[in-house]
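Okay, so here's the structure we're looking at.
In what follows, chains are A, B, ... by sequence order, proteins preceding strands, each numbered from 1.
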There are 2 protein chains.
Amino acid sequence: MTTRRQVLTGAGGLVLSVAAASGAMGLVSCAATQQKEAPTPQAVAQLQQAADAQQLPWPYKALDPVATAERGYKAYYDGGCMYGAFEAIIGELRAAVGAPYNTLPTKMMAYGKAGVNGWGTLCGALNGGAAAIYVVSDDKTRDQLIDELYSWYSQEAMPQYTPKNPKFQKIATSTSESPLCHISVTKWCNASGFAALSPERAERCAWVTASVAKYVAEMLNSNAQASFKAAHTIPAAVTQCLACHGKGGAKENVHASRMTSCTQCHTDLGPKHPGSR
Amino acid sequence: MTTRRQVLTGAGGLVLSVAAASGAMGLVSCAATQQKEAPTPQAVAQLQQAADAQQLPWPYKALDPVATAERGYKAYYDGGCMYGAFEAIIGELRAAVGAPYNTLPTKMMAYGKAGVNGWGTLCGALNGGAAAIYVVSDDKTRDQLIDELYSWYSQEAMPQYTPKNPKFQKIATSTSESPLCHISVTKWCNASGFAALSPERAERCAWVTASVAKYVAEMLNSNAQASFKAAHTIPAAVTQCLACHGKGGAKENVHASRMTSCTQCHTDLGPKHPGSR
């Protein structure tokens, strides 16, 4: 990890590019370039802000999980599921902490809607939740938080959080057994009877976004107090599959060391396959 | 979209939070608060930088696709596939444009490695590529670029780009028919004979990251000249499935309006299912 000092003084590219952008080209004081004139205080302030923003993790302040969920619910209708979950966390911290959170254009995360622009891949709430975790967590715990989030989402009935002023009073729940948008939504459609492009389904995803935002806030709060403990684990059935298909196995051909279910997609295992039903 | 003027003068939360963070609390000039004292030029410069950073899309400058690919290849080994593809684009623009690119902590995108921390969901190169597209593209074309990227990745043999100084001289190719990490890697393992956690597989993913970065750069360059045209489309077989399972269909239960193949997962359609093999 680059330190702020390195960014400010050593890594010439950043110094030069900030200076160029702030109209102070040629004024840069840097060991690698010839000093001509002192940079303006404004240029230094902008440099400092950019250097602070490049350092992860960003400062964390305990979040109100319900306020975070409510922000996520509202943001869903402003920019979809990934933006919703990401803006829930980052927006709350922007309000509570200020810089560097105010430099992050959270709307960029709108790309993740419906498993990335309708491709049905990763649930956008989980995509945005993981991104937010990486902004504020240290590298010793952030992956544990992601694993817990994805396992929780896959194993429990969703959505869990009911917004204070919902568009629909009641939303059915379903268990996805997967972090994928397409699987999660289809299971909900089958459980609820509503269509995949219905307003009820959109509301369900808004509640899921709020639920994810709330759970991430709770995990981050626990983690900040060094009291985080994972409540969900990788199922034994998956571990069994990975004994052959995972690292060091006889047929190490699966690049997914964490999953809630293998057999929900792999339904066609022949009778000779070990452990087949 | 909020304008810079709104951010600087109207949206009190941002103004207040920046001021608080920069130690200028109580100095803020804002219609909604009582004016006490003029903010320092440094605080104004930081506010301006934060306001600029919140505005999307960020300014674009034509990229060198090969330099972008090389940066992606190197970044893969620094922080994985998602960071690799994202840093390829944003890092090149940071060097060429400066602010606001220097405020974005691209390392946050490391979360997407191996389909998000080993979950095998969305290919991280595609996750980071889509995020980068949303940073620099307007809302009329950005979704078209994502669709082209995901279709290209799924339909063509990957990787396409050979780095200048690779760790391995030759890497086998395979066609994923899917934007998912797990499927993409398993098909490559089956085609190449290498294991999913082998150094050859890592190198393959580094080349894929470089290939994605290069293709995104080429698309963004075309788009900046208003000459972008999609070269890949959604296959007719998928369109046929969505006639019943997509919007307005008899069984609208699929939340994936774009995909390269339905039948590679849905292998168990009974003989009575329309169009089944």
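- Of all the listed residues (B:V135, B:L180, B:N253, B:T106), the one sharing the greatest number of non-hydrogen pairs under 4.5 Å with chain A is B:N253.
- Across B:T121, B:L197, B:N190, the residue that shares the most heavy-atom pairs under 4.5 angstrom with chain A is B:L197.
- Among B:A132, B:A131, B:S184, the residue making the largest number of heavy-atom pairs under 4.5 Å with chain A is B:A131.
- Contacts between B:S151 and chain A at a heavy-atom distance below 4.5 Å involve backbone atoms as well as side-chain atoms.
- Contact count versus chain B (heavy atoms, under 4.5 Å) is highest, among A:T260, A:I183, A:V254, for A:V254.
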>> For a side-chain contact (heavy atoms from CB on, under 4.5 Å) check, start with the C-alpha distance between A:Y111 and B:I133, then their side-chain angles and the critical distance, and finish with the verdict.
In response: CA-CA 9 Å; A:Y111 78 88; B:I133 286 170; over 6 Å; no
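- The line from OG of A:S192 to CD of A:E200 is 8.0 Å long, rounded to the nearest 0.5 Å.
- Ion pairing of A:E87 with A:K107 is absent here, as no side-chain N (NZ or NE/NH1/NH2) approaches a carboxylate O to less than 4.0 Å.
- Heavy-atom distances place both the backbone and the side chain of A:L104 under 4.5 Å from chain B.
- Going from atom CG of A:N102 over to atom CG of B:L47 covers 7.5 Å, rounded to the nearest 0.5 Å.
- Of the listed residues (B:G248, B:A110, B:G246), the greatest number of heavy-atom pairs within a distance under 4.5 Å of chain A belongs to B:A110.
- Judged as a side chain to side chain donor-acceptor pair (under 3.5 Å), and not counting sequence neighbours, the contacts of A:T141 are A:D138, A:N223.
- The most heavy-atom pairs under 4.5 Å with chain B, out of A:A45, A:G115, A:C181, come from A:A45.
- Ranking A:G120, A:G249, A:C265 against chain B, the residue ahead of the rest is A:G120, based on heavy-atom pairs under 4.5 Å.
- Ranked by heavy-atom pairs under 4.5 Å with chain A, the list B:C189, B:P41, B:P105 is led by B:P105.
- Distance alone, capped at 3.5 Å, is enough to place a donor-acceptor pair between the B:Q264 side chain and the B:E177 backbone.
- Taking A:T103, A:N127, A:N117, A:I146 one by one and counting their heavy-atom pairs under 4.5 Å with chain B, the maximum is reached by A:N117.
- Of the listed residues B:D143, B:T186, B:D78, the one with more heavy-atom pairs under 4.5 angstrom with chain A than any other is B:D143.
- Here B:L126 contributes atom CG and A:L122 contributes atom CG; the two are 12.0 Å apart, rounded to the nearest 0.5 Å.
- Of the atoms belonging to A:D147, heavy atoms from both backbone and side chain fall under 4.5 Å from chain B.
- Contact annotation for A:W188: neither backbone nor side-chain heavy atoms come within less than 4.5 Å of a heavy atom of chain B.
- For the side-chain contact (heavy atoms from CB on, under 4.5 Å) with A:M259, the qualifying choice from A:P235, A:C241, A:P179 is A:P179, the only one to do so.
- Between A:M82 and A:V116 the shortest side-chain heavy-atom distance does not fall below 4.5 Å.
- The part of A:I234 that comes within reach of chain B is its side chain, from C-beta onward, which places non-hydrogen atoms under 4.5 angstrom from that chain.
- B:M108 contributes atom CE, which lies 3.5 Å from atom CZ of A:F86 (distance to the nearest 0.5 angstrom).
- Between A:P59 and A:P100 the shortest side-chain heavy-atom distance falls below 4.5 Å.
- Neither the backbone nor the side chain of A:K187 comes within less than 4.5 Å of any heavy atom in chain B.
- Contact of A:S137 with chain B is not made at all, since no heavy-atom distance falls under 4.5 Å.
- Of the two parts of A:S198, only the backbone, made up of N, CA, C and O, holds a non-hydrogen atom closer than 4.5 Å to a non-hydrogen atom of chain B.
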